[in-house]
There are 2 protein chains.
Amino acid sequence: MSHISTGVEYGLHCLLYLTGPGQGVTEASVRDLAEMQGVPVDYVAKLFTKLHKAGLVIATEGAKGGVALARPAHQISVLDVVTAIDGDKPLFDCREIRGRCAVFGDSPPGWATSGVCSIHAVMLQAEKRMRESLAEQSLADLSVRVNAKAPRAHGPHIVKWFEAKATGRRRDRGSSAVSE
Amino acid sequence: MSHISTGVEYGLHCLLYLTGPGQGVTEASVRDLAEMQGVPVDYVAKLFTKLHKAGLVIATEGAKGGVALARPAHQISVLDVVTAIDGDKPLFDCREIRGRCAVFGDSPPGWATSGVCSIHAVMLQAEKRMRESLAEQSLADLSVRVNAKAPRAHGPHIVKWFEAKATGRRRDRGSSAVSE
DNA sequence: GGAAATCTACTCGGATACCGCGTGTCCGAGTTATGGTGG
DNA sequence: CCACCATAACTCGGACACGCGGTATCCGAGTAGATTTCC
């Protein structure tokens, strides 16, 4: 199990499809988003409620509803997505062992427990560096880099797929709905 | 559960007692090291076998044995300890979702799966920053910083405690061993 | 033909099952110094 | 007095129990557009 969960991976991949024309669509249903990538639908739905609470996406309820980015893609950093889904769980949780030194007995002196544990400080520094690195990258940066590898026809393919999925679902009432 | 385990915390605290005169001793038994800090003995023993395999400490077997640093403290980085105990487990494990896009069908094209996933690349960069930060700090640095807070009499106290523990154990054969 | 009722698709939120992994414990094996014993 | 033996202390390594949290699934509630029905 990694520190950055697969939920973040799912979320990021989904959000990349929502970065607007050129690389995808601007709004889509969570179901379509999940089925597009072959990931569990219900799980992705839970992720998007977190993204919604964090203010990264806006959701329109009811039929024909869906989710969309709340801000332009270049104003959403990878760190935003990570903290929205995984929370800001620490890289390391200090158990304050420095105060348990046997020579202290039951009551450790003040100089031993005041301030931040030196080991903890090192870890916090490393965590800070990691966060800074994640904050430097925006969804737009990521989208550009992904799109650079794909042929020009791929973008329209994506859009077409979403449209076909939406209209197709609205048509088959009694035909394939029975066979299903 | 954090990415950097409590095992690393135990290990670092133990190693700090082994950074030589001034801040501690140069050699000690794993049992004493663990009891000094009130942490589980057997667990720490397992940690030191990892540290031994990684070449960070040397262990002399048999009675009167113990562990000691294999190199000077300034040549052992925090990253060395982390990787020795936790292994080099990745911050993020890519599930290669990019290849599962529904428009690809069963066989994703080469341009989609070649190279490193863009999202993965961002995470690797963040992980690299974190590692660099941990590599900058050595055991000696840490020891100096910890020692700066303690009063001057603390170092000798530590040494005395270890000596008393070792000689005391060798004496009580039948006296306190019965009462225990 | 238009308004109301129904139906469907969608987002939200909680409850729950599963499972891998970190934490902690226990025990046996191999090794070495120490203390006692017999020659 | 010296050689030998038993014992204790120590590291090493594997096996295993436990609990937590990430992953995944299911279901009910609420909402809004589309469809049907009824006057």
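Everything numeric here is computed off the predicted structure, so don't read it as measured data. We name chains A, B, ... by the order of the sequence lines, and we start the count at 1 in each one.
Counting only distance, with no hydrogens or angles, the side chain of K50(B) and the backbone of A84(B) share no donor-acceptor pair below 3.5 Å. A distance-only check finds no donor-acceptor pair linking the side chain of S2(A) to the backbone of I4(A) [under 3.5 Å]. Judged by distance alone, with hydrogens and angles left aside, the side-chain atoms of D86(A) form a donor-acceptor pair with the main-chain N or O of S5(A) at under 3.5 Å.
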For this session: Take H74(B) and L139(B) through the test side chain to side chain contact (heavy atoms under 4.5 Å, CB included) and record every step on the way to the result.
Result: CA-CA 6 Å; H74(B) 65 87; L139(B) 277 187; over 6 Å; no
Exercise. Passes side chain to side chain contact (heavy atoms under 4.5 Å, CB included), R129(A) versus M130(B)? Steps please.
Worked result: CA-CA 6 Å; R129(A) 293 280 177 83; M130(B) 180 194 74; 5.7 Å; no
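For the pair E163(A) and K165(A), the salt-bridge criterion is not met [side-chain N within less than 4.0 Å of a carboxylate O]. One finds a salt bridge joining R71(B) and D80(B) here, because a Lys/Arg side-chain nitrogen approaches an Asp/Glu carboxylate oxygen to under 4.0 Å.
Looking at residues 4-18 of chain A, you'll see S5(A), T6(A), G7(A), Y10(A) sit with a heavy atom under 4.0 Å from some atom of DNA chain D.
F92(B) places its CZ atom 15 Å from the P atom of dG22(D), with the value rounded to the nearest Å. In this entry the distance linking NE2 of H3(A) with P of dT23(D) reads 12 Å, nearest Å. Spacing between atom CG of L33(B) and atom C1' of dA9(D) amounts to 16 Å, rounded to whole angstrom units. Rounded to whole angstrom, the span from the NE2 atom of H52(B) across to the P atom of dG13(D) amounts to 7 Å. The distance between atom NZ of K46(B) and atom P of dC26(C), rounded to the nearest whole Å, is 13 Å. Between D86(B) atom CG and dT23(C) atom P the separation is 7 Å, expressed in whole Å. The CZ atom of F48(A) sits 16 Å away from the P atom of dA24(D) (whole-angstrom rounding). Per the geometry, OH belonging to Y43(A) stands 18 Å off P belonging to dA15(C), to the nearest Å.
Residue contacts for K53(B): at a heavy-atom cut-off of 4.0 Å it reaches the sugar-phosphate backbone alone, with no base atom in range. In this structure, K89(B) reaches the sugar-phosphate backbone alone: every heavy-atom distance under 4.0 Å involves primed, P, OP1 or OP2 atoms, never a base.
Listed nucleotides: dG24(C), dC12(D), dA24(D). Nearest to the side chain of P40(A): dA24(D).
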Any N/O pairs under 3.5 Å between the protein and nucleotides 27-33 of chain D? List them or say none.
residue, atom, partner, partner atom, Å
dT31(D), O4', E61(A), OE1, 3.3

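Ring-centre distance between F104(A) and W111(A): below the 6.0 Å cut-off.
Axis angle between the ends of the helix from dG1(C)-dC39(D) to dG39(C)-dC1(D), five pairs each and rounded to 10 degrees, works out to 20°.
When the nearest nucleotides of DNA chain D are assigned to V67(B) and R95(B) by heavy-atom distance, the more 5′-ward of the two goes with V67(B).
C101(B) has its side chain within reach of I158(A): a pair of non-hydrogen atoms, C-beta onward, lies under 4.5 Å apart. Under the 4.5 Å side-chain criterion, counting only non-hydrogen atoms from C-beta, E27(B) is not in contact with V67(B).
In terms of hydrophobic clustering, with Ile, Leu, Val, Met, Phe, Trp and Tyr side chains grouped at heavy-atom distances under 4.5 Å, L18(A) and I97(B) are assigned to a common cluster.
With R131(A) as reference, D88(A) is the one residue of D88(A), V82(A), L91(A) to meet the side-chain contact (heavy atoms from CB on, under 4.5 Å) rule.
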